[in-house]
2 protein chains.
Amino acid sequence: MFHDQSGTLFHRVSRWHMPSTTSRRRRRSVPLSKERLIAATIEILDAEGEDALTFRTLAAHLSTGPGAIYHHVASKAELLMSAASRVISVAIDGSSGEQNPVAALRATAAAVFDAIDAHPWIGAQLTREPWQLAVVQMLEAFGRIFRELGVAKLAQFNTASTLVHYVLGLAGQYAAGARTLGSRTDREAFLLGVTEQWRQLDASTYPFVHSVAEGFEQHDDRKQFLAGVDVILAGALSR
Amino acid sequence: MFHDQSGTLFHRVSRWHMPSTTSRRRRRSVPLSKERLIAATIEILDAEGEDALTFRTLAAHLSTGPGAIYHHVASKAELLMSAASRVISVAIDGSSGEQNPVAALRATAAAVFDAIDAHPWIGAQLTREPWQLAVVQMLEAFGRIFRELGVAKLAQFNTASTLVHYVLGLAGQYAAGARTLGSRTDREAFLLGVTEQWRQLDASTYPFVHSVAEGFEQHDDRKQFLAGVDVILAGALSR
DNA sequence: ACCTGAACACCGTTCAAGT
DNA sequence: ACCTGAACACCGTTCAAGT
């Protein structure tokens with residue numbers, strides 16, 4: 001719950017942006033800026049989910065009209081890319097410092113997972129634009145570690161991008177789960193619904209899925225994610 | 001280009017649905033059905049891209065009104081899930097038959113890649129709803145092979161879902177690339193633009209990205225994808 | 001230069017009215 | 001039962017008008 005630096009950071013900042021009349025009045029005295037827009041975007045996405053972020057709600061949050069936003073960002077896509085990149089850089093920067101490269105890789109991956117857990121809308125966003133800055137930041141962080149690990153020159157990009165794609169795929173599924181969940185119900189109920197659907201599939205055409213259905217409800221997403229990281233790490237070191 | 005069974009299949013079917021007046025008149029004599037809606041959906045997505053599929057264009061394509069669609073599917077989300085699942089099952093079914101499990105895994109993964117290549121809109125769709133049927137179908141296909149490979153019982157789900165997430169992540173990036181591309185320009189121009197952006201990043205904060213930027217333009221997406229599959233396969237077998 | 005908010009050109013979905 | 005298409009409640013974005 002609290003293993004995300006960026007989550008707590010933005011949580012602290014968010015008191016400034018509470019929709020109380022006092023703070024809203026204080027807010028209007030400061031001019032709009034891209035920074036302010038990104039902060040408000042992250043706040044709304046975290047608190048109310050992806051569907052809640054429209055240029056109308058964002059503008060209302062900042063006590064202005066939707067048109068004002070276009071003086072600081074070119075489009076909603078640019079705003080979302082900037083918000084995602086912000087969250088990912090905070091996560092990656094906060095996880096650096098490990099000396100052992102294997103530990104560093106796990107720490108970085110875990111930090112990214114925790115950022116996605118705290119801001120599940122990122123999962124959908126990273127898929128919306130290809131090779132956006134947030135994705136390149138991950139490639140850089142992972143690639144540098146694989147190089148330190150002594151992975152051969154040509155394999156460095158292969159292994160790093162494999163890990164990046166794995167993270168993106170998991171982030172996407174995670175975000176989709178959070179979206180269909182609404183922010184209230186807990187994740188176990190969602191997983192229970194998933195296994196319920198799995199059990200209703202024909203057992204002879206889906207034997208594997210049936211065999212893993214039991215026990216899936218109480219599986220630990222974070223542990224599961226890190227297990228996948230270790231599979232890729234083992235594969236990278238096996239040549 | 002032609003390594004996708006589903007692609008050619010739907011291409012052949014698509015003559016029925018050409019927007020010529022004759023076929024459109026012939027079409028109206030047949031009642032609407034979910035099957036027909038799915039076929040038309042895939043057709044429009046393949047030919048015109050994700051943005052072109054609206055319930056208005058789909059209805060016009062079938063010479064009816066948008067409301068008629070709701071007699072056969074509950075929502076646009078359901079229609080897209082069904083379309084994705086259709087494409088994935090055709091791809092997976094067409095790739096079965098390999099006896100050697102390692103060859104089978106590579107063949108299945110390649111078939112899924114080719115399906116994504118032929119229908120890039122799938123990449124975005126698979127991220128839209130969590131654990132939708134198309135994703136479960138991949139989990140089943142991969143999981144069964146990992147079991148055959150002798151992966152330990154507890155690791156079977158780990159390794160299979162790692163591979164599924166990797167495929168989903170790559171599919172998402174691929175689809176995003178295809179979307180920003182428009183369907184006409186070739187992929188090399190897109191990759192050139194990506195590396196151009198990479199080169200403009202600060203070289204001291206992005207040393208790894210800079211080091212892999214050269215040569216990235218002419219990299220082979222399919223080969224790259226299969227290299228990642230082999231990394232995960234090696235990791236799965238390394239314990 | 002920056003902001004405002006009505007207006008434009010769309011969406012997915014609903015629903016009264018038809019056959 | 002199935003279809004039709006106008007209407008509803010929204011979007012992101014634009015732009016004339018203000019300060």
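Residue numbers start from 1 in every chain, and the chains themselves are labelled A, B, ... in the order their sequence lines are given, proteins ahead of strands.
- With sequence neighbours excluded, no residue forms a side chain to side chain contact (heavy atoms under 4.5 Å, CB included) with A/Ser96.
- Rounded to whole Å, atom P of D/dT14 lies 10 Å from atom CZ of A/Phe55.
- Considering only residues two or more places apart in sequence or on other chains, B/Ala203 meets the side chain to side chain contact (heavy atoms under 4.5 Å, CB included) condition with B/His210.
- Every residue two or more places apart in sequence or in another chain that forms a side-chain hydrogen bond (donor to acceptor under 3.5 Å, both in side chains) with A/Ser85 is listed here: A/Gln137.
- With DNA chain C read from its 5' end, the first of the two nearest nucleotides for A/Gly65 and A/Arg56 is the one closest to A/Gly65.
- In this structure, the CD1 atom of A/Ile44 is 15 Å from the C1' atom of D/dC11, given to the nearest Å.
- Here B/Arg222 does not pair with B/Asp117 in a salt bridge; the nearest charged N to carboxylate O distance is not below 4.0 Å.
- Whole-Å rounding puts the A/Tyr70 OH to C/dA1 C1' distance at 19 Å.
- When rounded to the nearest whole Å, the span between CG of B/Leu62 and P of D/dG5 equals 13 Å.
- Place B/Pro66 and A/Thr57 on DNA chain D by their nearest nucleotides, and B/Pro66 ends up nearer the 5' end.
- Within the 4.5 Å cutoff, side-chain heavy atoms of B/Phe190 are placed close to those of A/Pro130.
- A cation-pi arrangement is present between B/Arg187 and B/Tyr174, with the terminal nitrogen or guanidinium carbon under 6.0 Å from the aromatic centre and inside a 45° cone about the axis.
- A heavy-atom distance below 4.0 Å to DNA chain D is reached by these residues of residues 72-80 of chain B, ordered by number: B/His72.
- Whole-Å rounding puts the A/Ile69 CD1 to D/dT14 C1' distance at 13 Å.
- A/Trp198 places a side-chain heavy atom less than 4.5 Å from the side chain of B/Leu139.
- Whole-Å rounding puts the B/Leu37 CG to C/dG12 P distance at 14 Å.
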> Tell me, what's DNA chain C's dot-bracket, Watson-Crick or G-U with both distances under 3.5 Å, | for other-strand, [ ] crossing?
Replying inline: ||.|||||...|||||.||

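- One atom, NE2 of B/His71, and another, P of C/dG18, lie 15 Å apart when rounded to the nearest Å.
- A/Leu32 has its CG atom 9 Å from the C1' atom of C/dC2, to the nearest Å.
- Taking every side-chain heavy atom of B/Thr54 into account, C/dG12 is the closest of D/dC11, D/dC3, C/dG12.
- In this structure, A/Tyr70 has its ring center under 6.0 Å from that of A/Phe55.
- By the ring pair (Phe, Tyr, Trp, His ring centres under 6.0 Å) test, A/His219 pairs with A/Phe216, sequence neighbours left out.
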